[in-house]
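In this chain, residues are counted from 1 in sequence order. Side-chain atoms are counted along with the backbone in the values below, which use heavy atoms only and exclude waters and symmetry mates. Counting starts at 1 for both ligands and their atoms, in listed order.
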Amino acid sequence: MEVIIGKDLLRELDSYLKSNNVKKVYIITDENLNSLYMDYLLKHIKAYDVFTYIIKPGEGSKSIETTLSIYDDLIGKNIDRGTIIMGFGGGVVGDIAGFVASTYMRGLKYIQIPTSLLAQVDSSIGGKVGIDYRGLKNIIGSFYFPEITLIQLDFLKTLPTREITCGLGEILKYGLIYDYNFFQYVSSNIDKIYDRNLEVLLPIVKRSVAIKEEIVGKDRYDKGIRRILNFGHTIGHSIEALYDFGKYNHGEAVILGILYESYIAKKKGLIEKAYFEEIYKVLNKLVPLIQFSQREVERLIPIMQKDKKNEDGKIAFVLPTGTGRVDLFYDVEEGIIMDSLKGEWIDY
Ligand code: ADP
Ligand code: ZN
């Protein structure tokens, strides 16, 4: 398991395939990546037998139906354990390609080339793979670690702006849970990130990957400290679900979640007002806060109560307790959650 970050990495891919004596490569990608980069990718792997499976872009493809069609295709093409599966795309492609790789014939070797900012800094690290079922995100899945992960920053040049915001949500989260200096560095370089300035993106992607690897390394199977990665996600998930995953994408919802959860921390006296205001100023520019109505709040809270991270029916929250520090809480009063979501405090 190796993560390589930089530019022009396809040479590394060739040397990996050569030294591991790979003959066949089965690429899973989506339509967008296929039209943007497939010629370029194929040029670098001419020497191998290459198969491609192209899915429709978007979360809707992370389904059991898509998975079954890929199994059919693998069987139809006599793909065996000597073949390596390659996920080439964003988080959706990575999750489904990794899941197929982990299950087909009890596991095929797997390489990933994440192309979205979110996938590069978050979903490609940590081995979680899976699909959605009955409207439940990642309800079927496993832990499966790729042989190699190639993070090529140039791909970000074609990434839609909204997807940059999405990745930024998780990047800012890393700073707030683990490294306050990093939070400040990212905050003061937001414009350059949106300009796809690779000199700025390189250290940011590297540090994000390092933080996630460090946390995951201490708790591979999500039993303890790894849970701090859920900062912003208790409320974030409920907001995504409130709109049936149609209004906000994951990273945008996480940005909102961080804002509301930081307010809860301030209200509980865990952090200073000045720190809360600093967080608010940076994040509110990326995704403006909403003031939820009483009716919406009454729908959001039950969604949080069903979160699989809860214990004994108590909603689990990761809350900031100081600059670059967070902790787990199970005792947040419903009244504070409601106040936070109603956003009547927005007077900055
Ligand atoms: P995420 O990576 O945010 O989990 P997706 O896999 O759905 O989610 O990717 C988000 C969108 O960005 C998809 O429409 C995907 O096709 C597109 N995409 C991913 N990487 C790139 C890229 N490098 N250039 C252009 N579009 C991309
Ligand atoms: Zn997330």
Checklist entry - Judged by non-hydrogen atoms, does Gly251 sit under 4.0 Å from ligand 1? => result no
Next on the checklist: If I take every N, O or S atom of Glu170, is at least one of them less than 2.8 Å from the Zn ion (ligand 2)?
Outcome noted: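 Under 2.8 Å: Glu170 contacts the Zn ion (ligand 2) through an N, O or S atom.
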Next on the checklist: Can you confirm if the aromatic rings of Tyr243 and Tyr248 lie within a centre distance of less than 6.0 Å?
Outcome noted: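 Aromatic pair counts; centres sit under 6.0 Å.
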Item to check | Proximity of Phe99 and Tyr144 rings by center, below 6.0 Å | outcome: no
Could you tell me, atom by atom, which parts of ligand 1 come under 4.0 Å of a heavy atom of [X]?
X      : value
Asn32  : 14 (O), 15 (C), 16 (O)
Glu163 : 3 (O), 10 (C), 11 (C), 12 (O)
Leu36  : 24 (N), 25 (C)
Phe155 : 22 (C), 23 (N), 24 (N)
Gly90  : 2 (O), 6 (O)
Leu118 : 1 (P), 3 (O), 4 (O)

Item to check | Thr158, Asn34, Ile113: member with heavy atom nearest to atom 22 (C) of ligand 1 | outcome: Thr158
Item to check | Best match, Gly91, Gly58, Ser61: closest heavy atom to atom 8 (O) of ligand 1 | outcome: Gly91
In terms of ring plane angle, is the pair [X] and [Y] parallel, tilted or perpendicular, where the classes change at 30° and 60°?
X      : Y      : answer
Trp345 : Tyr263 : parallel
Tyr53  : Tyr26  : parallel
Tyr180 : Tyr275 : perpendicular

Next on the checklist: With carbon and hydrogen excluded and only N/O/S kept, which atom of His250 is nearest the Zn ion (ligand 2)?
Outcome noted: NE2
Regarding ligand 1, does [X] bring an N or O atom to under 3.5 Å of one of the ligand's N or O atoms?
X      : answer
Val92  : yes
Ser123 : no
Tyr37  : no
Ala119 : no

In terms of residue, atom name and distance, what is the protein heavy atom nearest to [atom]?
atom                    : result
atom 26 (N) of ligand 1 : Pro160 CD, 3.7 Å
atom 20 (N) of ligand 1 : Thr115 OG1, 2.8 Å
atom 16 (O) of ligand 1 : Asp30 OD2, 2.6 Å
atom 21 (C) of ligand 1 : Leu159 CD1, 3.4 Å

Item to check | Short side-chain donor-acceptor distance under 3.5 Å, His233 and Glu170 | outcome: yes
Checklist entry - Between the side chains of Tyr178 and Glu214, does any donor sit under 3.5 Å from an acceptor? => result yes
Next on the checklist: Assess the residue pair Ile131 and Asn138 against the criterion (side chain to side chain contact (heavy atoms under 4.5 Å, CB included)); give the C-alpha distance rounded to whole Å, side-chain angles, the decisive distance to 0.1 Å, and a yes or no.
Outcome noted: CA-CA 5 Å; Ile131 56 172; Asn138 302 318; over 6 Å; no
Next on the checklist: For Asn249, which part has a heavy atom under 4.0 Å from ligand 1: side chain, backbone, both, or neither?
Outcome noted: neither
Item to check | Per-residue contact class, Ser116 against ligand 1 - non-hydrogen pairs under 4.0 Å | outcome: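 Both the backbone and the side chain of Ser116 come within reach of ligand 1.
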Item to check | Geometric cation-pi criterion, Arg220 with Phe145: 6.0 Å, 45° | outcome: yes
Item to check | Candidates Thr83, Ile75, Ile70, Asp80 - the one meeting side-chain contact (heavy atoms from CB on, under 4.5 Å) with Tyr104 | outcome: Ile75
Checklist entry - Hey, which of Ile258, Leu256, Leu300, Ile264 is the one that makes side-chain contact (heavy atoms from CB on, under 4.5 Å) with Ile235? => result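 Among Ile258, Leu256, Leu300, Ile264, the one meeting side-chain contact (heavy atoms from CB on, under 4.5 Å) with Ile235 is Ile264.
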Checklist outcome for this item: In this structure, CG of Asp179 is separated from CZ of Phe183 (nearest 0.5 Å) by 11.5 Å
Checklist entry - Between Arg299 and Glu296, is there a salt bridge with N-O shorter than 4.0 Å? => result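 Salt bridge between Glu296 and Arg299, a charged N being under 4.0 Å from a carboxylate O: no.
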